[in-house]
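The next block holds one structure in the form of structure tokens; read it before the comments.
Everything quoted here is computed from the prediction, not taken from an experiment. Just so it is clear, the values below take in all heavy atoms, side chains as well, and ignore hydrogens, waters and symmetry mates. Both ligands and their constituent atoms are indexed starting at 1 by order of listing.
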Amino acid sequence: MRIKAALAALASLPIIIGICAAVGTGSARAQAPIIIKFSHVVAPGAPKGLAAERFRVLAEQMTRGRVKVEVYPNSQLYKDKEELEALQLGAVQMLAPSLAKFGPLGVKEFEAFDLPYIFPTKAALNAVTEGPIGRSLLRKLESKGLTGLAYWDNGFKVMSANRPLHDPADFRGLRMRIQGSKVLDAQMRALGAVPQVLAFSEAYPALQSGVVDGTENPPSNMLTQRMNEVQKHVTVSNHGYLGYAVIVNKKFWDGLPRDIRSQLEGALREATIYEKAIAQRDNERALETIRKTGKTTVYTLTPEQQAAWRRALLPVQKQVEGRIGTELIESINRTTAQNR
Ligand code: LMR
């Protein structure tokens with residue numbers, strides 16, 4: 001009897017497995033995707049905006065839909081300082097703030113990237129960001145509840161105002177919008193200007209209304225925020241650099257399944273290659289577009305004028321070494337000298 005019962009049980013096994021499987025797949029019905037809210041402050045068409053979108057597509061492809069990335073451009077969700085607070089609270093999961101914006105977080109060393117003329121070339125910059133200095137700076141974010149994943153590029157900055165800016169003396173008394181970096185504050189004061197920290201989203205209205213007289217940014221940011229429409233003069237000075245750190249909420253990132261984290265790292269690697277490839281091109285195109293509007297005079301400094309700007313701005317390194325760290329500045333200068 002027992003054998004018969006056993007055989008009957010065995011015969012029904014496939015049905016039981018089928019039911020369990022059906023119930024199983026029923027209860028494990030496609031799980032809701034993991035949501036990554038990626039907030040940023042630039043236009044979708046700026047290098048960082050394009051790269052965020054590229055990351056979104058790659059991340060959803062590589063995780064086969066187990067992750068959904070929601071990109072919120074143009075300060076739509078949070079503007080400058082707010083976005084870092086939102087990330088630490090876990091209200092968003094991913095940002096790519098300018099390296100000039102980590103001071104208020106307590107990681108002042110990132111302001112080394114704001115030092116005038118600290119990077120002679122992009123190759124020298126990459127040797128810093130992709131080497132031990134860049135990695136050690138990203139590690140400093142861990143204690144703030146953040147994980148630094150990559151550096152993204154924008155470019156060297158130009159200056160703009162409604163008067164020609166050829167010599168340092170031309171800045172005297174100008175109210176210049178800057179990012180919230182003490183190095184940029186010192187930079188503008190070294191030129192005799194009056195620095196005014198404003199969120200990126202406030203830059204255009206402040207220029208339009210005359211709250212500030214001028215600003216600095218790579219051309220791609222100027223154009224995509226229409227700043228050129230309210231600035232009669234742009235000077236191609238390349239006096240400083242603007243780049244980004246791609247960062248995530250550490251608790252969120254550490255809590256991801258290992259395979260998903262590794263797929264997202266792959267998506268970010270590809271998006272980073274893409275971003276660095278378009279940044280230079282987009283800035284060159286943006287400057288040309290600004291020039292072609294005919295509404296803004298685009299002026300390139302002569303070698304003598306460049307030398308005068310350097311004389312005015314290089315002392316900033318000494319002025320801020322107490323804040324940034326002498327060793328860090330010297331280490332960056334050694335690295336850039338070996339990788340021009
Ligand atoms: C700025 O505030 O000028 C830039 O940091 C904006 C950006 O993210 O490129």
Side-chain angles (χ1 to χ4, degrees), residues 38-53 55 71-84 86-87 92 94-105 107 110-116 125 129 148 150-161 175-185 187-188 193 195-208 211-228 230-231 234 237-247 271-272 275-276 278-280 282-283 286-287:
F38 190 154
S39 175
H40 68 76
V41 300
V42 299
K48 174 164 66 173
L50 293 168
E53 177 57 19
F55 172 74
V71 178
Y72 296 93
N74 247 340
S75 307
Q76 191 181 339
L77 268 193
Y78 298 102
K79 60 184 184 181
D80 281 4
K81 247 167 79 20
E82 295 170 353
E83 63 174 13
L84 277 165
L87 186 69
V92 295
M94 196 165 186
L95 303 176
S98 162
L99 299 168
K101 297 180 179 175
F102 287 86
L105 203 60
V107 190
F110 277 102
E111 292 180 6
F113 286 97
D114 299 326
L115 285 166
L125 163 81
T129 55
Y151 288 93
W152 281 357
D153 186 15
N154 191 327
F156 291 107
K157 296 178 287 188
V158 299
M159 290 276 198
S160 71
R175 292 161 302 172
M176 297 292 282
R177 180 267 169 180
I178 59 170
Q179 304 170 86
S181 156
K182 296 294 182 205
V183 169
L184 296 178
D185 181 282
Q187 168 192 281
M188 291 301 182
Q196 170 89 43
V197 175
L198 289 171
F200 189 53
S201 55
E202 294 160 359
Y204 175 82
L207 289 166
Q208 187 189 35
V211 165
V212 292
D213 304 304
T215 189
E216 60 166 5
N217 233 300
S220 61
N221 270 350
M222 291 226 164
L223 182 67
T224 51
Q225 295 295 323
R226 300 172 36 227
M227 293 184 206
N228 58 298
V230 289
Q231 297 279 267
V234 162
S237 48
N238 297 326
H239 61 282
Y241 172 74
L242 194 152
Y244 309 108
V246 182
I247 58 178
T272 300
E275 199 277 341
K276 291 187 173 190
I278 66 169
Q280 179 85 21
D282 285 9
N283 276 298
L287 190 62

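Ligand 1 places these atoms under 4.0 Å from at least one heavy atom of Ser98: 5 (O). Of all atoms in ligand 1, listed by their number and element, those nearer than 4.0 Å to a heavy atom of Val42 are 7 (C), 8 (O), 9 (O). Below 4.0 Å from some heavy atom of Lys101 lie the following atoms of ligand 1, by number and element: 1 (C), 2 (O), 4 (C), 5 (O), 6 (C). For ligand 1 and Leu242, the ligand atoms under 4.0 Å from any heavy atom of the residue are 4 (C), 9 (O). Within ligand 1, counting atoms from 1 as listed, the ones closer than 4.0 Å to a heavy atom of Asn221 are 6 (C), 7 (C), 9 (O). Every atom of ligand 1 is numbered from 1 in the order shown, and the set under 4.0 Å from a heavy atom of Lys48 is 7 (C), 8 (O). Within the listing of ligand 1, atoms 1 (C), 3 (O) sit less than 4.0 angstrom from a heavy atom of Asn217.
The two residues Ala96 and Trp152 have their closest heavy-atom pair at CB-CE3, 4.2 Å. The minimum heavy-atom distance between Thr224 and Ala43, with the atom names listed, is CB-CB, 3.7 Å. Listed here is the closest heavy atom pair of Val92 and Tyr78: CG1-CE1, 3.5 Å. Listed here is the closest heavy atom pair of Tyr241 and Asn154: OH-N, 3.8 Å.
Within the 4.0 Å heavy-atom criterion, neither part of Met222 lies near ligand 1.
Looking at heavy atoms from C-beta onward, Leu115 lies out of side-chain contact with Gln187 at the 4.5 angstrom threshold.
In terms of modelled atom types and a separation under 3.5 Å, the side chain of Asn217 and the main chain of Met222 share no donor-acceptor contact. At distances below 3.5 Å, at least one donor-acceptor pair connects side-chain atoms of Glu275 with backbone N or O atoms of Asp153.
Using a 4.0 Å cutoff on heavy atoms, Thr215 does not count as a contact of ligand 1. Residue contacts with ligand 1: Glu216 is excluded, as none of its non-hydrogen atoms falls under 4.0 Å.
Nearest protein neighbour of atom 5 (O) of ligand 1, counting heavy atoms only, is Gln179 OE1, 2.7 Å. In terms of protein heavy-atom proximity, atom 1 (C) of ligand 1 is closest to Phe200 CD1, 3.3 Å. For atom 9 (O) of ligand 1, the closest non-hydrogen atom of the protein is Tyr244 OH, 2.5 Å.
Enclosure of atom NZ in Lys182 is not indicated, since only 12 or fewer non-hydrogen atoms of other residues, nucleotides or ligands lie within 6.0 angstrom.
Considering backbone and side-chain atoms together, Asn154 places no N or O closer than 3.5 Å to any N or O of ligand 1.
Ion pair Glu83/Lys101 not flagged as a salt bridge, since none of the NZ, NE, NH1 or NH2 atoms sits closer than 4.0 Å to an Asp/Glu carboxylate oxygen.
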